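Single-structure report; data block below.
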Amino acid sequence: EAIVLLGGPGAGKGTLAETLKKHTPYIHVSTGDMLRAAVRSGSPIGLEVKACMDNGQLASDDLILELIKERISQEPVDAKFMFDGFPRTIEQAKGLQTLFSGINGTVTHVLNLVVDPDALVQRLCGRRTCKTCGAIFHVVNMPPKEEGICDLDGGELYQRADDNEETVMNRLEVYKTQTAPLIDFYTESGLLHNVDAGNPPETTAQLSLEALNA
Ligand code: AP5
Ligand code: ZN
(Lines give C-alpha, C1' and ligand atoms only; values in the text may rest on other atoms or scores of the structure.)
(Ligands and ions follow the chains in the order given, each with its own letter.)
Protein backbone atom coordinates (compact mmCIF):
# COMPACT_ATOMS: atom_id res chain seq x y z
CA GLU A 1 0.00 0.00 0.00
CA ALA A 2 1.01 3.62 -0.27
CA ILE A 3 0.37 7.20 0.72
CA VAL A 4 0.96 10.06 -1.70
CA LEU A 5 2.48 13.45 -0.86
CA LEU A 6 0.95 15.89 -3.32
CA GLY A 7 1.74 19.59 -3.59
CA GLY A 8 3.36 22.27 -5.70
CA PRO A 9 7.11 22.62 -6.15
CA GLY A 10 8.58 23.66 -2.81
CA ALA A 11 5.43 22.88 -0.82
CA GLY A 12 7.59 20.89 1.61
CA LYS A 13 7.08 17.29 0.44
CA GLY A 14 10.71 16.29 0.96
CA THR A 15 10.92 18.04 4.32
CA LEU A 16 7.70 16.36 5.50
CA ALA A 17 8.86 12.97 4.25
CA GLU A 18 11.98 13.18 6.45
CA THR A 19 9.79 13.62 9.55
CA LEU A 20 7.15 11.05 8.57
CA LYS A 21 9.92 8.48 8.05
CA LYS A 22 10.76 8.77 11.73
CA HIS A 23 7.18 8.27 12.94
CA THR A 24 5.66 5.82 10.43
CA PRO A 25 6.67 2.62 8.62
CA TYR A 26 6.48 4.22 5.16
CA ILE A 27 9.39 3.86 2.76
CA HIS A 28 10.19 7.23 1.14
CA VAL A 29 10.18 7.08 -2.66
CA SER A 30 10.91 10.42 -4.36
CA THR A 31 10.92 10.34 -8.15
CA GLY A 32 12.75 13.69 -8.14
CA ASP A 33 15.56 12.22 -6.00
CA MET A 34 15.70 9.11 -8.22
CA LEU A 35 15.98 11.22 -11.37
CA ARG A 36 18.62 13.51 -9.86
CA ALA A 37 20.65 10.44 -8.88
CA ALA A 38 20.36 9.19 -12.46
CA VAL A 39 21.56 12.54 -13.80
CA ARG A 40 24.53 12.55 -11.39
CA SER A 41 25.54 9.02 -12.36
CA GLY A 42 25.28 9.84 -16.07
CA SER A 43 23.11 6.76 -16.72
CA PRO A 44 21.04 6.56 -19.94
CA ILE A 45 17.93 7.65 -18.00
CA GLY A 46 19.88 10.56 -16.54
CA LEU A 47 21.00 11.69 -19.98
CA GLU A 48 17.43 11.43 -21.22
CA VAL A 49 15.83 13.49 -18.45
CA LYS A 50 18.46 16.12 -17.69
CA ALA A 51 17.28 18.71 -20.21
CA CYS A 52 13.62 18.55 -19.24
CA MET A 53 14.42 18.69 -15.51
CA ASP A 54 16.68 21.68 -16.06
CA ASN A 55 13.84 23.66 -17.57
CA GLY A 56 11.12 22.43 -15.26
CA GLN A 57 9.25 20.12 -17.63
CA LEU A 58 8.13 16.62 -16.64
CA ALA A 59 9.84 13.40 -17.61
CA SER A 60 7.65 11.03 -19.63
CA ASP A 61 4.92 9.07 -17.86
CA ASP A 62 6.22 5.78 -19.27
CA LEU A 63 9.69 6.33 -17.92
CA ILE A 64 8.41 7.32 -14.47
CA LEU A 65 6.02 4.35 -14.27
CA GLU A 66 8.86 2.03 -15.24
CA LEU A 67 11.04 3.48 -12.46
CA ILE A 68 8.24 3.09 -9.90
CA LYS A 69 7.48 -0.46 -11.00
CA GLU A 70 11.09 -1.43 -10.55
CA ARG A 71 11.37 0.35 -7.16
CA ILE A 72 8.22 -1.37 -5.82
CA SER A 73 9.52 -4.75 -6.93
CA GLN A 74 12.61 -4.30 -4.74
CA GLU A 75 10.51 -4.41 -1.53
CA PRO A 76 8.29 -7.12 -0.01
CA VAL A 77 4.69 -7.12 -1.33
CA ASP A 78 3.37 -5.83 1.99
CA ALA A 79 5.74 -2.83 2.08
CA LYS A 80 4.23 0.59 2.75
CA PHE A 81 5.39 3.34 0.44
CA MET A 82 5.35 7.11 0.75
CA PHE A 83 5.40 8.55 -2.77
CA ASP A 84 6.85 12.07 -3.00
CA GLY A 85 6.46 13.87 -6.33
CA PHE A 86 4.61 10.91 -7.83
CA PRO A 87 2.03 10.62 -9.36
CA ARG A 88 2.32 13.96 -11.09
CA THR A 89 -0.18 13.51 -13.93
CA ILE A 90 -3.56 11.79 -14.24
CA GLU A 91 -1.83 9.29 -16.54
CA GLN A 92 0.66 8.40 -13.79
CA ALA A 93 -2.13 8.05 -11.21
CA LYS A 94 -3.95 5.62 -13.49
CA GLY A 95 -0.69 3.79 -14.16
CA LEU A 96 -0.18 3.40 -10.42
CA GLN A 97 -3.68 1.94 -10.05
CA THR A 98 -2.84 -0.59 -12.74
CA LEU A 99 0.49 -1.47 -11.13
CA PHE A 100 -1.15 -1.88 -7.74
CA SER A 101 -4.09 -3.89 -9.04
CA GLY A 102 -1.57 -6.56 -10.03
CA ILE A 103 -0.22 -6.90 -6.48
CA ASN A 104 -3.32 -6.12 -4.42
CA GLY A 105 -1.86 -2.75 -3.49
CA THR A 106 -3.81 0.38 -2.77
CA VAL A 107 -3.35 4.09 -2.13
CA THR A 108 -4.81 4.80 1.33
CA HIS A 109 -4.21 8.56 1.77
CA VAL A 110 -3.25 11.50 -0.40
CA LEU A 111 -1.87 14.43 1.61
CA ASN A 112 -2.30 17.61 -0.40
CA LEU A 113 0.13 20.22 0.94
CA VAL A 114 -1.48 23.59 0.42
CA VAL A 115 0.85 26.62 0.27
CA ASP A 116 0.44 30.09 -1.22
CA PRO A 117 2.32 30.39 -4.58
CA ASP A 118 4.43 33.39 -3.45
CA ALA A 119 5.70 31.35 -0.52
CA LEU A 120 6.62 28.53 -2.92
CA VAL A 121 8.92 30.82 -4.90
CA GLN A 122 10.55 32.09 -1.71
CA ARG A 123 11.06 28.53 -0.45
CA LEU A 124 12.60 27.25 -3.69
CA CYS A 125 14.92 30.16 -4.31
CA GLY A 126 16.37 29.86 -0.78
CA ARG A 127 16.62 26.08 -0.62
CA ARG A 128 20.00 24.44 -0.04
CA THR A 129 20.55 20.68 -0.11
CA CYS A 130 23.38 18.58 1.34
CA LYS A 131 25.56 16.92 -1.29
CA THR A 132 26.29 13.95 0.96
CA CYS A 133 23.08 13.12 2.85
CA GLY A 134 20.38 15.06 0.96
CA ALA A 135 19.23 17.01 4.05
CA ILE A 136 17.15 20.06 3.10
CA PHE A 137 17.81 23.56 4.45
CA HIS A 138 16.65 27.08 3.66
CA VAL A 139 18.85 30.15 3.91
CA VAL A 140 16.16 32.05 5.86
CA ASN A 141 13.48 29.58 6.99
CA MET A 142 15.78 26.75 8.08
CA PRO A 143 19.34 28.02 8.06
CA PRO A 144 22.19 25.61 8.80
CA LYS A 145 24.28 26.46 11.87
CA GLU A 146 27.21 27.30 9.63
CA GLU A 147 26.61 28.84 6.20
CA GLY A 148 26.95 26.35 3.33
CA ILE A 149 27.58 23.36 5.61
CA CYS A 150 25.23 20.53 6.59
CA ASP A 151 24.45 20.32 10.33
CA LEU A 152 24.20 16.55 10.21
CA ASP A 153 27.42 15.47 8.52
CA GLY A 154 29.38 18.58 7.58
CA GLY A 155 28.57 17.99 3.88
CA GLU A 156 28.64 20.83 1.37
CA LEU A 157 25.28 22.49 0.67
CA TYR A 158 24.35 23.17 -2.96
CA GLN A 159 21.53 24.86 -4.83
CA ARG A 160 19.52 22.62 -7.17
CA ALA A 161 19.91 23.40 -10.88
CA ASP A 162 16.13 23.89 -11.21
CA ASP A 163 15.85 26.30 -8.27
CA ASN A 164 16.43 29.49 -10.26
CA GLU A 165 13.61 31.98 -10.71
CA GLU A 166 12.97 31.24 -14.41
CA THR A 167 12.76 27.46 -13.97
CA VAL A 168 10.69 27.87 -10.81
CA MET A 169 8.09 29.81 -12.85
CA ASN A 170 7.97 26.96 -15.39
CA ARG A 171 7.58 24.39 -12.62
CA LEU A 172 4.68 26.32 -11.11
CA GLU A 173 2.98 26.45 -14.51
CA VAL A 174 3.57 22.73 -15.12
CA TYR A 175 2.16 22.01 -11.67
CA LYS A 176 -0.98 24.05 -12.40
CA THR A 177 -1.73 22.44 -15.75
CA GLN A 178 -0.52 18.84 -15.29
CA THR A 179 -0.46 18.02 -11.58
CA ALA A 180 -3.22 20.08 -9.93
CA PRO A 181 -5.94 18.02 -11.75
CA LEU A 182 -4.94 15.20 -9.39
CA ILE A 183 -6.64 17.14 -6.57
CA ASP A 184 -10.04 16.49 -8.17
CA PHE A 185 -9.03 12.98 -9.20
CA TYR A 186 -8.20 11.95 -5.62
CA THR A 187 -11.07 13.93 -4.10
CA GLU A 188 -13.44 11.88 -6.23
CA SER A 189 -11.91 8.67 -4.93
CA GLY A 190 -12.29 9.96 -1.35
CA LEU A 191 -8.56 9.81 -0.59
CA LEU A 192 -7.62 13.48 -0.47
CA HIS A 193 -6.70 15.22 2.78
CA ASN A 194 -5.87 18.92 2.50
CA VAL A 195 -3.03 19.90 4.82
CA ASP A 196 -2.31 23.56 5.48
CA ALA A 197 1.42 23.58 4.82
CA GLY A 198 2.03 27.32 5.15
CA ASN A 199 3.10 26.96 8.78
CA PRO A 200 6.41 25.78 10.28
CA PRO A 201 7.42 22.21 9.30
CA GLU A 202 6.55 20.77 12.73
CA THR A 203 2.96 21.96 12.30
CA THR A 204 2.71 20.46 8.81
CA ALA A 205 4.06 17.17 10.15
CA GLN A 206 1.58 17.20 13.04
CA LEU A 207 -1.40 17.90 10.75
CA SER A 208 -0.21 15.17 8.38
CA LEU A 209 0.09 12.57 11.13
CA GLU A 210 -3.44 13.45 12.25
CA ALA A 211 -4.73 13.00 8.69
CA LEU A 212 -3.00 9.62 8.43
CA ASN A 213 -4.61 8.36 11.63
CA ALA A 214 -8.04 9.57 10.55
P1 AP5 B 1 10.89 17.13 -7.56
O2 AP5 B 1 12.20 16.86 -6.99
O3 AP5 B 1 9.75 16.25 -7.20
O4 AP5 B 1 10.57 18.66 -7.31
P5 AP5 B 1 9.23 19.41 -6.87
O6 AP5 B 1 7.95 18.70 -6.94
O7 AP5 B 1 9.34 20.68 -7.63
O8 AP5 B 1 9.38 19.54 -5.37
P9 AP5 B 1 10.62 20.01 -4.61
O10 AP5 B 1 11.54 18.89 -4.33
O11 AP5 B 1 11.21 21.19 -5.33
O12 AP5 B 1 9.97 20.60 -3.30
P13 AP5 B 1 9.40 19.90 -2.01
O14 AP5 B 1 7.92 19.99 -2.02
O15 AP5 B 1 10.01 18.57 -1.75
O16 AP5 B 1 9.92 20.96 -0.94
P17 AP5 B 1 11.12 20.88 0.13
O18 AP5 B 1 10.72 20.03 1.27
O19 AP5 B 1 12.41 20.62 -0.54
O20 AP5 B 1 10.99 17.11 -9.16
C21 AP5 B 1 12.01 17.77 -9.85
C22 AP5 B 1 11.88 17.51 -11.35
O23 AP5 B 1 12.00 16.11 -11.60
C24 AP5 B 1 10.54 17.89 -11.98
O25 AP5 B 1 10.51 19.24 -12.36
C26 AP5 B 1 10.49 16.93 -13.18
O27 AP5 B 1 11.30 17.40 -14.22
C28 AP5 B 1 11.12 15.67 -12.62
N29 AP5 B 1 10.13 14.75 -12.02
C30 AP5 B 1 10.09 14.35 -10.71
N31 AP5 B 1 9.07 13.51 -10.49
C32 AP5 B 1 8.43 13.37 -11.68
C33 AP5 B 1 7.28 12.65 -12.10
N34 AP5 B 1 6.57 11.91 -11.24
N35 AP5 B 1 6.90 12.74 -13.40
C36 AP5 B 1 7.60 13.49 -14.27
N37 AP5 B 1 8.69 14.20 -13.95
C38 AP5 B 1 9.11 14.15 -12.66
O39 AP5 B 1 11.09 22.41 0.65
C40 AP5 B 1 11.43 23.47 -0.21
C41 AP5 B 1 12.15 24.57 0.61
O42 AP5 B 1 11.25 25.13 1.56
C43 AP5 B 1 13.35 24.04 1.43
O44 AP5 B 1 14.35 24.99 1.43
C45 AP5 B 1 12.77 23.86 2.84
O46 AP5 B 1 13.77 24.03 3.81
C47 AP5 B 1 11.71 24.94 2.89
N48 AP5 B 1 10.54 24.55 3.67
C49 AP5 B 1 9.95 23.32 3.71
N50 AP5 B 1 8.89 23.33 4.53
C51 AP5 B 1 8.81 24.59 5.02
C52 AP5 B 1 7.91 25.23 5.94
N53 AP5 B 1 6.91 24.56 6.50
N54 AP5 B 1 8.10 26.54 6.21
C55 AP5 B 1 9.12 27.22 5.64
N56 AP5 B 1 10.01 26.68 4.79
C57 AP5 B 1 9.85 25.38 4.47
ZN1 ZN C 1 24.31 16.25 5.14
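Quick note: residue numbers are just sequence positions, from 1. Counting convention: from 1, in listed order, for ligands and their atoms alike. When reading the values below, keep in mind they use all heavy atoms of this one structure, side chains included, and skip hydrogens, waters and symmetry mates. Remember, predicted model here, so these are calculated numbers, not experimental data.
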Exercise answer: donor-acceptor pairs, residues 64-71 side-chain atoms, under 3.5 Å, sequence neighbours excluded:
unit_1: R71; atom_1: NH1; unit_2: Q74; atom_2: OE1; d: 3.3
unit_1: R71; atom_1: NH1; unit_2: E75; atom_2: OE2; d: 3.0
unit_1: R71; atom_1: NH2; unit_2: E75; atom_2: OE2; d: 3.3

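By the 4.5 Å side-chain criterion applied to Ile, Leu, Val, Met, Phe, Trp and Tyr, M169 is assigned to a cluster that also includes V115, L120, V121, L124, V168, L172.
Residues with a heavy atom under 4.0 Å from ligand 1: G8, P9, G10, A11, G12, K13, G14, T15, T31, G32, L35, R36, M53, Q57, L58, A59, I64, G85, R88, Q92, R123, L124, R127, I136, F137, H138, N141, M142, R160, D162, R171, N199, P200, P201.
Screening residues 161-180 for salt bridge (Lys or Arg N to Asp or Glu O under 4.0 Å) gives R127-D163, R160-D162, D162-R171, D163-R171, E173-K176 as the qualifying pairs, with residues at least two apart or on separate chains.
With 2.8 Å as the limit, D153 counts as an N, O or S neighbour of the Zn ion (ligand 2).
The line from OG1 of T89 to NZ of K94 is 9.5 Å long, rounded to the nearest 0.5 Å.
Checked by atom type and distance alone, the side chain of R128 never pairs as donor or acceptor with a backbone atom of G148 at under 3.5 Å.
With hydrogens and angles left out, the side-chain atoms of N112 and N194 include a donor and acceptor closer than 3.5 Å.
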